[in-house]
Protein chains: 2
Amino acid sequence: MPHRLTPAQSMKLWHDVHLAQVHDDEPDLSVRQMSVLLTVYLEAPPHTVRGLAAKLKVTKPVITRALDSMGKLGLVSRRRDDKDKRNVLVQRTVKGVLYLERLGDLIGQTSETM
Amino acid sequence: MPHRLTPAQSMKLWHDVHLAQVHDDEPDLSVRQMSVLLTVYLEAPPHTVRGLAAKLKVTKPVITRALDSMGKLGLVSRRRDDKDKRNVLVQRTVKGVLYLERLGDLIGQTSETM
DNA sequence: GGAGAATGATACGGAACCGAAACAAACCTG
DNA sequence: CAGGTTTGTTTCGGTTCCGTATCATTCTCC
């Protein structure tokens with residue numbers, strides 16, 4: 001990064017991108033869902049329910065529910081761990097990759113207009 | 001802005017700030033609530049329910065509910081328009097200013113770490 | 001002043017989410 | 001192999017949010 005965003009630039013960026021999210025047709029993700037999704041896609045696997053809950057400092061049902069709803073949207077998928085069948089491994093999907101690519105582009109594009 | 005954020009930088013910024021939002025104690029705002037809040041604070045008044053609904057392209061009850069919930073949190077307040085008593089003018093609050101100052105600082109600070 | 005338009009709030013039924021607790025399945029350990 | 005631990009899901013009661021439709025108040029304009 002060349003230099004730190006000013007508070008005014010930061011708020012305008014936040015505003016414009018959130019507004020774009022409201023305007024598009026896809027359902028809005030909650031802050032927690034977005035955190036789960038980005039963690040899964042940006043950090044190194046494997047990702048388990050327990051690990052995500054610890055990372056976000058939330059309870060496990062929060063992660064289960066987030067995976068349910070984002071799974072319905074096709075943004076992530078689940079697979080049992082063959083090594084330890086108690087674990088669930090959260091997997092990336094093509095749709096999830098595309099979703100986040102679009103988001104990254106949108107943020108970058110918005111940052112340019114400031 | 002010196003130059004456009006890359007998609008990778010954008011997603012990392014989004015991730016880190018969302019994670020910080022999940023971690024702190026204040027209740028998370030929905031995407032729509034955040035959009036209303038930032039619109040009220042960044043754009044020129046007056047702000048009416050109808051105007052905000054048009055801006056966000058959502059129905060009026062969405063705005064009414066967002067103002068209800070953020071009003072409970074003290075982030076905005078409402079006042080009847082004396083000139084046209086059908087209108088409700090959305091007002092900024094000290095708490096709202098502080099909330100967004102903290103958000104702007106957080107985003108700026110996070111942008112520095114990339 | 002009365003009819004219709006405009007504005008914001010409310011009612012309604014349905015869906016999603018919350019935290020806490022209980023639960024089922026798989027593992028571990030003595 | 002039996003008891004306890006770990007992991008993820010489900011259940012529970014309660015809250016919030018959704019979109020549509022309706023309502024109450026205020027204004028406009030003839």
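In what follows, every chain begins at residue 1, and chains take the letters A, B, ... in the order their sequences are listed. The figures here come from the full heavy-atom set of this structure, side chains too, leaving out hydrogens, waters and symmetry mates.
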Practice task
Write down the distance between CZ (A:Arg78) and C1' (D:dT10), rounded to a whole number of angstrom.
Solution key: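 The distance from CZ of A:Arg78 to C1' of D:dT10 comes to 12 Å, rounded to the nearest Å.
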Exercise for the section: Round to the nearest Å and state the distance from A:Asp81 atom CG to D:dT9 atom P. Expected result: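 Checked: the CG to P distance equals 13 Å.
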Closest non-hydrogen atom pair between [X] and [Y], with its separation:
{"X": "A:Tyr41", "Y": "A:Leu75", "result": "OH-O, 2.8 Å"}
{"X": "A:Ser35", "Y": "A:Leu56", "result": "CB-CD2, 3.8 Å"}
{"X": "B:Lys85", "Y": "B:Arg80", "result": "O-NH1, 2.9 Å"}
{"X": "A:Val36", "Y": "A:Leu67", "result": "CG1-CD2, 4.2 Å"}
{"X": "B:Leu42", "Y": "A:Met11", "result": "CD1-O, 3.6 Å"}

For [X] and [Y], indicate whether the former's side chain and the latter's backbone hold a donor-acceptor pair under 3.5 Å.
{"X": "B:Arg32", "Y": "A:Val22", "answer": "no"}
{"X": "B:Thr93", "Y": "B:Gly74", "answer": "yes"}
{"X": "B:Ser111", "Y": "A:Leu5", "answer": "yes"}

Mind running a 4.0 Å heavy-atom check of [range] against DNA chain C and sending the residues that fall below it, in number order?
{"range": "residues 82-89 of chain B", "answer": "B:Arg86, B:Asn87, B:Val88"}
{"range": "residues 58-71 of chain B", "answer": "B:Lys60, B:Pro61, B:Thr64"}
{"range": "residues 15-41 of chain A", "answer": "A:Arg32, A:Gln33"}

Practice task
Give me the first and last nucleotide of DNA chain C, going 5' to 3', that has any atom under 4.0 Å from a heavy atom of chain B.
Solution key: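 First and last nucleotides in contact are C:dA6 to C:dT10.
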Handout entry: Qualifying side chain to side chain donor-acceptor pair (under 3.5 Å) pairs with a residue from residues 48-67 of chain B, counting only residues at least two apart or across chains
Key =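 Output for this query lists B:Glu43-B:Lys55.
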Exercise for the section: For the pair B:Asp16 and B:Lys12, find out whether any cationic side-chain nitrogen is under 4.0 Å from an anionic carboxylate oxygen. Expected result: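 Counted as a salt bridge, because a side-chain N and a carboxylate O are separated by less than 4.0 Å.
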Exercise for the section: Flag the pair B:Arg92 / B:Pro45 as yes when at least one side-chain heavy-atom distance between them is below 4.5 Å, and no otherwise. Expected result: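 Side-chain contact under 4.5 Å: yes.
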Handout entry: Test salt bridge (charged side-chain N to carboxylate O under 4.0 Å, His left out) applied to A:Arg102 - qualifying residues, sequence neighbours left out
Key =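 So A:Arg102 forms a salt bridge (charged side-chain N to carboxylate O under 4.0 Å, His left out) with A:Glu26.
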Practice task
Nearest 0.5 Å please: distance from the CG atom of B:Asp28 over to the CD atom of B:Gln33.
Solution key: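 Rounded to the nearest 0.5 Å, the CG-CD separation comes to 10.0 Å.
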